[in-house]
Undergrad: 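Can you read through this structure? Questions will come right after.
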Amino acid sequence: MLKVQNLTVAYSDTPVFTDVAVNFNAGKITGIIGPNGAGKSTLIKAMLGLIKSQTGTVTFNGHTLKQFQKQIAYVEQRKDLDLTFPINVFDVVLTGTYGKLGLFRQPSQADRERCLDALAQVDLVDFADRQIGQLSGGQLQRVFVARAILQEAQLIILDEPFVGIDLQSETAIMQILHQWRDAGKTIIVVHHDLNKVSRYFDDLVILNHGIVDYGPVADVYTPANIERTFSADLSAVLFAQGGAQ
Amino acid sequence: MTNSITTFINALGRYDFLQSALITAIMVGVMSGMIGSFIILRGMSMMGDAISHAVLPGVAVAYMLGINVMIGASFFGILAAGLIGLVASHSKIKTDTSIGVVFSAFYALGFILISLAESSTNLHHILFGNILAVSDTDMMTTTVVLGLVILFIVFFYKELLITSFDPTFAQTYGFRVQILHYALMFVLTLVTVSALQTVGIILVVAMLITPAATAFLWTDRLGVMLTMAAAIGAVSSVVGLYFSYTFNWASGPAIVLVAAILFGISFIISPKQALLPTLFKGKARLRRVPA
């Protein structure tokens, strides 16, 4: 379980959120939703130690961030990457071994085989030699999921993995997430829209400059919570005739 | 033309100074092509320019104290890199602005120190290079720096790759991205000082960026890019030196112009994002690139 306690993050004195406390369970896929600018990406970046937090602790099964750092796989937003970089699909996925290798050690033949295997799991073996800029959004997202597979992490955090991708990629990624869940890993997904929330996630965190609510999707994804966090109109549309899927 | 090449080759056989110049120029071409590849992939061309100018006070101080130029230059190079980082991370000033403020200040300080230390002839050589006056010590130093550059890249290839391509990812598994950044800045100052000799301070940035940018146009593999950039840097140096010797041009501008011409040719004919292929199969290419 990933336990966040008392977490406060501020950008030059303006707090994004204060005293956030939330738990993410092992063997569950937890979605984080909230309006634009609610602090979703900030929360996961603070949990990962990528940005400084003013107060708070983050522990994973009782270990501090430093102790479990090698157990994390982070799939960042695709728009943050340089797609002109001279690197092909295979080599990007292979970077998933770097964290555990440490300095002065190169990926072994076994690592390369695991890399091909990960590519096979996301159905991209035929694209192994492609430069990464030559892929569609969905294919690129699968590349980074394949890298996360190679990391063999216990905690996997994905930032908006479903934005602008095709159905085939979405299905392939969901399959991997389910395998991770069945293996008892902790999976956290930042999600930008409210579609398919109940189909994707087991647990849900609703964030709006602080935790609005969290728990199993059935308890949290309610008209009242959506109305409170987003708007009454949106809530009406989503929950019309039991339309929320 | 053939005649002048024969003359150049004969002269190479006859004059030690020309041999030293050629060997040094090739080594500088190789090392700046390789380090330059990482500089352009990290989007740090401005930083390369800044460091190359910021070593000037170090060169002057080294002259004054009679110590090795590498020591003085590295000190000021790293100091400048540190100050640039400090100003950018402790204020709302953006990095490029911070670079502008710091490097121009260092450069100005360097000018004043040089004028206190040495005659104006020397300043001219520092600014534009004086490859034909390479001493044996200079050549030795350059060899050591080349060795360091190659070792640095071989031993930290993985780390250089991931921090250039995806620094956030490297941070998530606990890699200290900043330490490698400053190590790269340190190696960059060593390369800069070696390149002072061949092309001078003003044009060092061209040796760092132009061969690397040319190689980038031809390949999608980092390893290939590094090798090509090194080769292009070496070829530019040799051809530039030939022009410099034959027409009595300053070595720095001659070398840099050759590198620029190679870039121009590549820009027109290389398969990747270049002019001619795009014009010929412009529409087909547009369709192939996914949205």
Side-chain angles (χ1 to χ4, degrees), chain A residues 12 44-45 47-51 65-77 80-92 94-107 129-140 144 147-148 151 153 155 157 159 164 166, chain B residues 37-38 40-44 89-92 151-180 183 212-229 270-273 285 287-291:
Chain A
S12 49
I44 56 174
K45 281 179 182 157
M47 294 189 317
L48 288 165
L50 294 174
I51 53 175
L65 177 71
K66 267 221 141 38
Q67 291 167 327
F68 74 87
Q69 205 149 32
K70 300 268 193 279
Q71 290 305 323
I72 305 173
Y74 173 50
V75 179
E76 63 208 285
Q77 289 189 29
D80 296 340
L81 289 154
D82 172 12
L83 297 180
T84 67
F85 199 89
I87 190 167
N88 65 21
V89 167
F90 186 88
D91 287 341
V92 170
L94 198 60
T95 62
T97 63
Y98 285 12
K100 285 180 179 153
L101 279 176
L103 286 176
F104 309 123
R105 283 173 55 208
Q106 298 306 316
D129 289 331
R130 283 271 190 107
Q131 195 270 337
I132 51 153
Q134 316 261 310
L135 300 177
S136 72
Q139 290 166 336
L140 193 62
F144 288 99
R147 174 164 79 176
Q151 288 185 271
L155 169 66
I157 302 180
D159 198 349
D166 53 289
Chain B
S37 295
F38 289 109
I40 71 165
L41 289 174
R42 294 163 92 93
M44 288 172 44
S89 60
H90 287 85
S91 70
K92 284 182 176 153
L151 287 178
F152 178 64
I153 291 177
V154 168
F155 281 119
F156 296 101
Y157 185 79
K158 246 177 37 254
E159 287 71 25
L160 285 165
L161 185 154
I162 196 63
T163 56
S164 303
F165 171 58
D166 194 352
T168 309
F169 178 73
Q171 271 176 289
T172 58
Y173 64 73
F175 185 74
R176 307 283 293 275
V177 176
Q178 279 304 311
I179 293 180
L180 192 73
T214 310
F216 178 80
L217 290 177
W218 288 98
T219 178
D220 282 335
R221 304 299 301 271
L222 180 59
V224 179
M225 178 174 165
L226 290 172
T227 319
M228 275 188 77
S270 82
K272 192 170 137 190
Q273 68 203 7
R285 194 182 156 80
R287 247 181 276 124
R288 229 183 43 233
V289 176

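Convention: sequence-line order gives letters A, B, ...; per-chain numbering from 1.
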Undergrad: Any pair with a residue in residues 219-229 of chain B that passes salt bridge (charged side-chain N to carboxylate O under 4.0 Å, His left out), sequence neighbours left out, goes on the list, sorted by first then second residue, please.
TA: A:Asp91-B:Arg221, B:Asp220-B:Lys272
Undergrad: How long is the gap from NZ on B:Lys158 to OG1 on A:Thr95, to the nearest 0.5 Å?
TA: 11.0 Å
Undergrad: If every non-hydrogen atom of B:Thr172 is compared with every non-hydrogen atom of A:Gln69, which pair is closest and at what distance?
TA: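 Distance-wise, the nearest heavy atoms are O-CG, 3.2 Å.
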Undergrad: So, for B:Phe165 and A:Asp82, which heavy atoms are closest and what is the spacing to 0.1 Å?
TA: CE1-O, 3.7 Å
Undergrad: Could you report the tightest heavy-atom contact between B:Phe216 and A:Pro86, atom names first, then the distance?
TA: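 Of all heavy-atom pairs spanning B:Phe216 and A:Pro86, the closest is CE1-CD, 4.0 Å.
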Undergrad: Checking B:Ser164 against chain A: side chain, backbone, both or neither under 4.5 Å from a heavy atom?
TA: both
Undergrad: Please look at B:Phe156 and chain A and tell me whether the side chain, the backbone, both or neither of the residue comes under 4.5 angstrom of a heavy atom of that chain.
TA: side chain
Undergrad: Select one option (side chain, backbone, both, neither) describing which atoms of A:Ile87 are under 4.5 Å from chain B's heavy atoms.
TA: both
Undergrad: Under the side chain to side chain contact (heavy atoms under 4.5 Å, CB included) test against B:Thr168, which residue among A:Lys45, A:Glu76, A:Gln77 passes?
TA: A:Glu76
Undergrad: Under a 4.5 Å heavy-atom cut-off, does chain B meet the side chain of A:Ile132, its backbone, both or neither?
TA: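 Answer is side chain: those atoms of A:Ile132 sit under 4.5 Å from chain B.
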Undergrad: If you count the non-hydrogen atoms of other residues, nucleotides and ligands that lie under 6.0 Å from CZ in B:Phe155, is the total more than 12?
TA: no
Undergrad: Only pairs of heavy atoms separated by less than 4.5 Å count here; which of A:Arg105, A:Gln106, A:Lys66, A:Lys100 has the most with chain B?
TA: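 Highest number of heavy-atom pairs under 4.5 Å: A:Arg105.
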Undergrad: First locate atom CG of A:Leu103, then atom CZ of B:Phe175, and finally report the distance between them rounded to the nearest 0.5 Å.
TA: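 It comes to 6.0 Å.
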Undergrad: What part of B:Thr219 gets within 4.5 angstrom of chain A, counting heavy atoms only: side chain, backbone, both, or neither?
TA: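 Looking at B:Thr219, just its backbone touches chain A.
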Undergrad: Atom CG of B:Leu222 and atom CG of A:Asn88: how far apart are they, to the nearest 0.5 Å?
TA: 11.0 Å
Undergrad: Measure distances from A:Arg130 to the heavy atoms of chain B and classify the residue's part below 4.5 Å as side chain, backbone, both or neither.
TA: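 Neither part, no heavy atoms under 4.5 Å.
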Undergrad: I need the B:Asp166 CG to A:Phe144 CZ distance, nearest 0.5 Å.
TA: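 Going from CG on B:Asp166 over to CZ on A:Phe144, the span is 6.0 Å.
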Undergrad: Report which part of B:Phe169 has an atom under 4.5 Å of a heavy atom belonging to chain A: side chain, backbone, both, or neither.
TA: both
Undergrad: Indicate the atoms forming the closest heavy-atom contact of B:Leu161 with A:Phe85, along with that distance.
TA: O-CZ, 4.1 Å
Undergrad: Can you say whether A:Gln151 sits under 4.5 Å from chain B via the side chain, the backbone, both, or neither, judging by heavy atoms?
TA: side chain
